[in-house]
Colleague: 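Let me begin by handing over the structure; questions about it come next.
Given the structure is predicted, the values throughout are model-derived calculations rather than measurements.
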Amino acid sequence: MEVEQMCIVDNEMEGSRGDRKEGGKRGRKSGRKASEKSDMRAKLERSRQSARECRARKKLRYQYLEELVADREKAVLALRKELDMYRQWGQELDAGRVPEGLQAMLEEIGDFQPEKTVKQ
């Protein structure tokens with residue numbers, strides 16, 4: 001009797017594990033129609049095209065950002081150079097000298113008015 005019960009238990013376990021291949025809802029359905037296959041191919045092609053376009057947009061976005069960063073780095077370098085020039089001018093003014101280019105820059109801005117000699 002025990003042997004028969006063990007066989008029954010084994011058979012019941014095989015069926016409960018999902019070893020059955022017929023009538024299940026999972027997996028691919030066999031016997032697809034030709035129209036379904038062509039629909040699937042069209043869907044895959046649209047997906048591939050969408051992926052290509054996405055990669056192209058991503059590439060353009062990265063190029064734009066790289067150009068933006070390069071422009072900003074150039075601007076930072078120009079501002080640092082200008083700051084160094086102003087620091088040097090400040091040191092020369094502190095030493096009692098008029099730096100080169102200061103008078104020309106002030107005249108260009110229009111703030112500099114040369115001192116007028118007073119006639120007596």
Side-chain angles (χ1 to χ4, degrees):
M1 282 240 175
E2 288 183 34
V3 175
E4 291 175 0
Q5 287 178 349
M6 289 175 65
C7 289
I8 293 171
V9 170
D10 287 343
N11 289 337
E12 288 176 357
M13 291 180 69
E14 285 180 8
S16 65
R17 286 188 301 190
D19 291 341
R20 233 172 39 168
K21 302 209 186 242
E22 296 176 341
K25 293 186 178 181
R26 295 185 182 181
R28 289 190 178 188
K29 295 180 183 177
S30 61
R32 290 195 175 207
K33 297 178 184 175
S35 64
E36 290 178 3
K37 287 183 180 181
S38 64
D39 290 345
M40 182 62 85
R41 286 187 182 135
K43 183 177 178 182
L44 287 173
E45 184 55 37
R46 285 193 306 268
S47 177
R48 288 185 191 112
Q49 182 64 29
S50 177
R52 279 191 290 271
E53 291 171 1
C54 180
R55 287 189 295 270
R57 285 192 306 270
K58 183 178 178 182
K59 185 177 179 181
L60 287 173
R61 187 170 49 250
Y62 275 92
Q63 286 175 349
Y64 167 74
L65 290 173
E66 286 174 356
E67 289 173 9
L68 194 64
V69 167
D71 291 343
R72 298 281 168 92
E73 286 175 348
K74 288 177 186 176
V76 167
L77 290 175
L79 289 171
R80 283 192 181 166
K81 185 177 178 182
E82 186 177 352
L83 180 62
D84 289 340
M85 179 184 68
Y86 290 142
R87 281 185 184 150
Q88 186 179 8
W89 285 3
Q91 290 173 354
E92 288 186 29
L93 287 171
D94 287 343
R97 298 186 299 264
V98 177
E100 284 184 35
L102 178 62
Q103 185 173 352
M105 187 187 82
L106 291 175
E107 288 173 358
E108 182 181 305
I109 292 174
D111 290 339
F112 182 71
Q113 309 252 335
E115 293 181 15
K116 296 180 181 177
T117 55
V118 179
K119 293 183 183 180
Q120 294 182 358

Colleague: Going by salt bridge (Lys or Arg N to Asp or Glu O under 4.0 Å), name the pairs with one or both residues in residues 41-51, residues two or more places apart or in two chains.
Modeller: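 Checked against salt bridge (Lys or Arg N to Asp or Glu O under 4.0 Å) - neighbours excluded - the pairs reaching residues 41-51 are Glu45-Arg48, Glu45-Arg52.
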Colleague: Sequence neighbours excluded, which residues qualify as side-chain hydrogen bond (donor to acceptor under 3.5 Å, both in side chains) partners of Arg61?
Modeller: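 Expected list: none.
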Colleague: Find out if a path of hydrophobic residues (ILVMFWY) with successive side-chain heavy-atom gaps under 4.5 Å connects Tyr62 to Leu68.
Modeller: no
Colleague: By the side chain to side chain donor-acceptor pair (under 3.5 Å) test, which pairs, at least two apart or in different chains, include something from residues 69-78?
Modeller: none
Colleague: In a table with atom names and distances, give each donor-acceptor pair under 3.5 Å that connects a side chain of residues 78-90 to protein atoms at least two apart or in another chain.
Modeller:
residue	atom	partner	partner atom	Å
Glu82	OE2	Tyr86	OH	3.0
Trp89	NE1	Glu100	O	3.4

Colleague: Of all residues at least two apart in sequence or in a different chain, which pass the side-chain hydrogen bond (donor to acceptor under 3.5 Å, both in side chains) check with Gln63?
Modeller: none
Colleague: Just how far is it from atom CG of Asp39 to atom CG of Leu44, taken to the nearest 0.5 Å?
Modeller: 11.0 Å
Colleague: State which residues pass side-chain contact (heavy atoms from CB on, under 4.5 Å) with Glu53; sequence neighbours excluded, sorted by chain then number.
Modeller: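 In terms of side-chain contact (heavy atoms from CB on, under 4.5 Å), with neighbours along the sequence ignored, Glu53 is linked to Gln49, Arg57.
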